[in-house]
Every structure is written in structure tokens, then in C-alpha cells.
Amino acid sequence: MVREQYTTTPEGTHVERPENQSVYKIGIYGWRKRCLYLFVLLLLIVLLVNFALTIWILKVMWFSPTGMGHLYVTEDGLRLEGESEFLFPLYAKEIHSRVDSSLLLQSTQNVTVNARNPEGEVTGRLKVGPNMVEVQSQQFQINSKDGKPLFTVDEKAVVVGTDKLRVTGSEGALFEHSVETPLIEPDPIQDLRLESPTRSLSMDAPKGIHIQAAAGKIEALSQMDIVLHSSDGTLVLDAETVCLPKLAQGTQGPASSLQGLYEICACPDGKLYLSVAGVGTTCHENSHICL
């Protein structure tokens with residue numbers, strides 16, 4: 001350790017300095033100085049490399065003042081251009097596509113959209129799988145562009161709000177229980193067919209049933225009986241010609257007419273049969289058919 005001594009002299013006195021006075025240098029010299037410069041150089045190189053990497057990342061990720069890549073920050077929210085992949089759940093208040101393109105949600109397994117209440121419980125779910133589309137909700141409803149309900153399903157009923165329900169299947173429509181409708185009509189070029197292959201077919205209406213074929217015929221086929229019953233009214237067959245081609249015909253008596261005229265007779269049980277017309281009724285002559 002060097003100790004320096006200071007000498008004070010009055011003014012006007014000249015003091016001579018020693019010739020062999022020692023001078024001490026202050027600083028870092030030698031290998032320490034070289035190591036320090038090397039360390040500073042390494043820091044500068046690391047700084048330049050980091051700066052270059054930062055510029056490269058900004059360029060590759062397309063960072064800009066308005067967003068990053070195809071993701072832009074706007075006043076209405078976030079706008080995403082092109083295709084995107086989300087590895088974790090996406091929470092958003094509203095998702096919509098551009099005006100000139102459609103919105104596509106695609107997954108290799110299934111696409112599930114959940115709606116939850118404030119407690120976190122799922123109140124509605126839409127699941128699109130590879131083999132089935134499943135909707136879990138208290139009510140499923142499809143509306144038109146003006147807000148009119150077109151199709152509504154809940155636990156009690158299925159409501160079709162369109163003017164016409166069209167079934168295009170080759171086998172028609174299959175109903176396991178009753179069907180209530182004010183009108184059933186086919187396409188203009190198709191026939192209307194109501195069929196029950198293994199059971200009976202029943203049509204009930206409190207104020208009557210109206211069956212009309214404007215440009216064709218009405219045909220009723222049954223393996224057993226066809227019953228037309230009116231509890232409080234009249235059964236009217238209003239036509240130019242009423243044909244009963246398979247009625248039983250009674251035997252022709254000696255006094256019967258040879259003009260080929262017949263009269264229709266009825267048995268007590270309602271069975272009809274033909275009897276050759278005469279001057280008077282001949283039903284009593286062929287009443288054995290009722291037995």
C-alpha cells in the first residue's frame with residue numbers, strides 16, 4: 001500500500017522536487033483488461049443476435065400495430081383471416097364469418113358447442129359426430145329468416161310450422177300412434193294411399209270426414225269388412241251410376257220378368273241381394289238367401 005505525503009510551504013518559497021519521485025497508474029491493465037473487453041464483446045454479440053432473432057420473429061409472426069399474422073384487433077373485437085386451429089377450448093360471445101364467405105367448423109372427431117348457466121352447468125349442447133348429430137336441450141326450434149317457427153320439438157309435441165309437410169321417402173310416413181291433421185294430400189302427379197298392412201285403419205272426426213278425388217277415383221280395399229256407419233244421419237250414395245257387381249242373385253221364378261230387370265233386396269242383417277223384378281216385389285221369393 002502506497003502512502004502519499006503532502007508538504008505545505010509558505011508563499012514565495014521555492015521547493016525542489018526529488019528527481020526519483022515514483023508515479024502510480026490507476027486502472028485495469030494486462031490480462032484483466034483483455035478479459036473485460038472480451039466479455040463486453042460477447043455481450044454485444046449476444047445483444048445483436050437477440051435483436052436479430054426478435055426482428056425475425058416479428059417478421060415471421062407478422063406482428064403489426066393492428067394485430068399478429070391473420071389475427072387483427074378491431075373496434076368490434078378480433079378478426080381472423082384464413083384457417084385456424086385451436087388446441088384448447090375457445091370462449092367467445094359471438095362468432096361470425098365475413099360477408100363474402102361461410103363459417104366452417106371442422107374436426108377429426110366431433111364438433112361440440114355447449115351453453116352453460118352462471119353455475120357452469122350445461123343447459124344446451126350441439127354435438128356433430130361422424131355418424132350422428134345430437135342436440136341436448138329443453139326445446140329445439142328452427143326459424144325462418146323472418147323469425148317464423150318452422151320446426152319445434154320439445155318433450156310434449158313436435159310442431160311443423162310450414163304450410164305443407166312433404167315426405168319424399170319411397171315407403172311414405174310411418175306413425176306408431178295417432179296423427180292429427182286438418183288435410184292430407186299428395187303431390188299433384190302422385191296418388192294418395194293410406195294403408196295399414198297388419199292392422200285396421202281408422203279415421204275419426206267430430207264433425208265429419210271429407211274424402212275428395214277431383215280427377216280420379218277413390219278405392220277402399222279390405223280383407224275383412226268395410227263398415228260405413230252413421231249414428232245420427234243418412235248414408236247417401238250420390239252418383240250417376242251405383243254399381244254392385246258381386247251381389248248375390250236369387251233364383252228366377254216362373255213368373256219372373258224376362259226383361260233382365262232386378263230389384264235390390266235387403267236382409268234383416270243388412271245383407272243385399274238381387275231379385276228378378278216382377279209386377280210386384282219378389283224379394284220374399286228369394287228370402288232364403290238371408291238364411
Side-chain angles (χ1 to χ4, degrees), residues 1-4 21-154 161-162:
M1 185 174 183
V2 180
R3 181 179 180 182
E4 296 183 357
Q21 185 178 6
S22 301
V23 179
Y24 297 94
K25 298 180 180 180
I26 301 175
I28 300 177
Y29 300 94
W31 65 271
R32 295 183 180 87
K33 183 177 181 180
R34 289 191 293 270
C35 291
L36 179 61
Y37 287 163
L38 180 60
F39 182 71
V40 173
L41 181 61
L42 291 176
L43 289 179
L44 183 60
I45 294 175
V46 172
L47 179 62
L48 293 177
V49 171
N50 288 336
F51 183 74
L53 289 176
T54 303
I55 298 298
W56 179 76
I57 293 175
L58 292 176
K59 184 177 180 180
V60 171
M61 300 299 295
W62 296 356
F63 278 97
S64 64
T66 59
M68 179 185 66
H70 295 291
L71 184 64
Y72 301 95
V73 180
T74 62
E75 296 179 356
D76 300 331
L78 298 178
R79 187 182 70 185
L80 188 61
E81 301 282 348
E83 298 181 0
S84 300
E85 181 179 355
F86 298 93
L87 302 179
F88 297 98
L90 174 63
Y91 298 92
K93 182 179 180 180
E94 180 180 356
I95 300 176
H96 60 86
S97 64
R98 294 177 54 179
V99 179
D100 56 348
S101 62
S102 59
L103 178 63
L104 175 62
L105 301 178
Q106 184 175 351
S107 174
T108 57
Q109 297 296 326
N110 58 67
V111 177
T112 303
V113 180
N114 293 334
R116 300 178 182 271
N117 56 12
E119 288 75 18
E121 299 177 353
V122 177
T123 58
R125 174 177 296 171
L126 174 62
K127 181 179 180 181
V128 181
N131 300 321
M132 182 178 61
V133 177
E134 180 181 353
V135 178
Q136 179 182 350
S137 179
Q138 296 181 355
Q139 185 181 30
F140 177 74
Q141 182 170 325
I142 300 177
N143 297 333
S144 62
K145 61 181 181 180
D146 55 353
K148 178 183 177 182
L150 300 179
F151 184 77
T152 305
V153 179
D154 55 20
T162 58

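- For the atom pair CD1 (Ile45) and CG (Asn50), the distance works out to 12.0 Å, reported to the nearest 0.5 Å.
- Of all heavy-atom pairs spanning Lys148 and Gly161, the tightest one is CE-O, 3.5 Å.
- Listed here is the closest heavy atom pair of Val111 and Gln106: CG2-C, 4.3 Å.
- Between Gln139 and Thr152, the closest side-chain pair of non-hydrogen atoms falls below 4.5 Å.
- Distance check, rounded to the nearest 0.5 Å: CG of Asn114 to NZ of Lys127 gives 10.0 Å.
- Atom CZ of Arg79 sits about 10.5 Å away from atom NE2 of His96, to the nearest 0.5 Å.
- More than 12 heavy-atom neighbours from other residues, nucleotides or ligands sit within 6.0 angstrom of CZ on Phe151.
- The shortest heavy-atom contact between Pro149 and Asn143 is CA-OD1, 3.3 Å.
- One side chain, Thr112 or Asn110, offers a donor N or O that lies under 3.5 Å from an acceptor on the other.
- To the nearest 0.5 Å, atoms CD (Gln136) and OG1 (Thr123) are separated by 9.5 Å.
- To the nearest 0.5 angstrom, Leu36 atom CG is 11.5 Å from Leu41 atom CG.
- Here the CG atom belonging to Leu53 is positioned 11.0 Å from the CG atom belonging to Leu48, to the nearest 0.5 angstrom.
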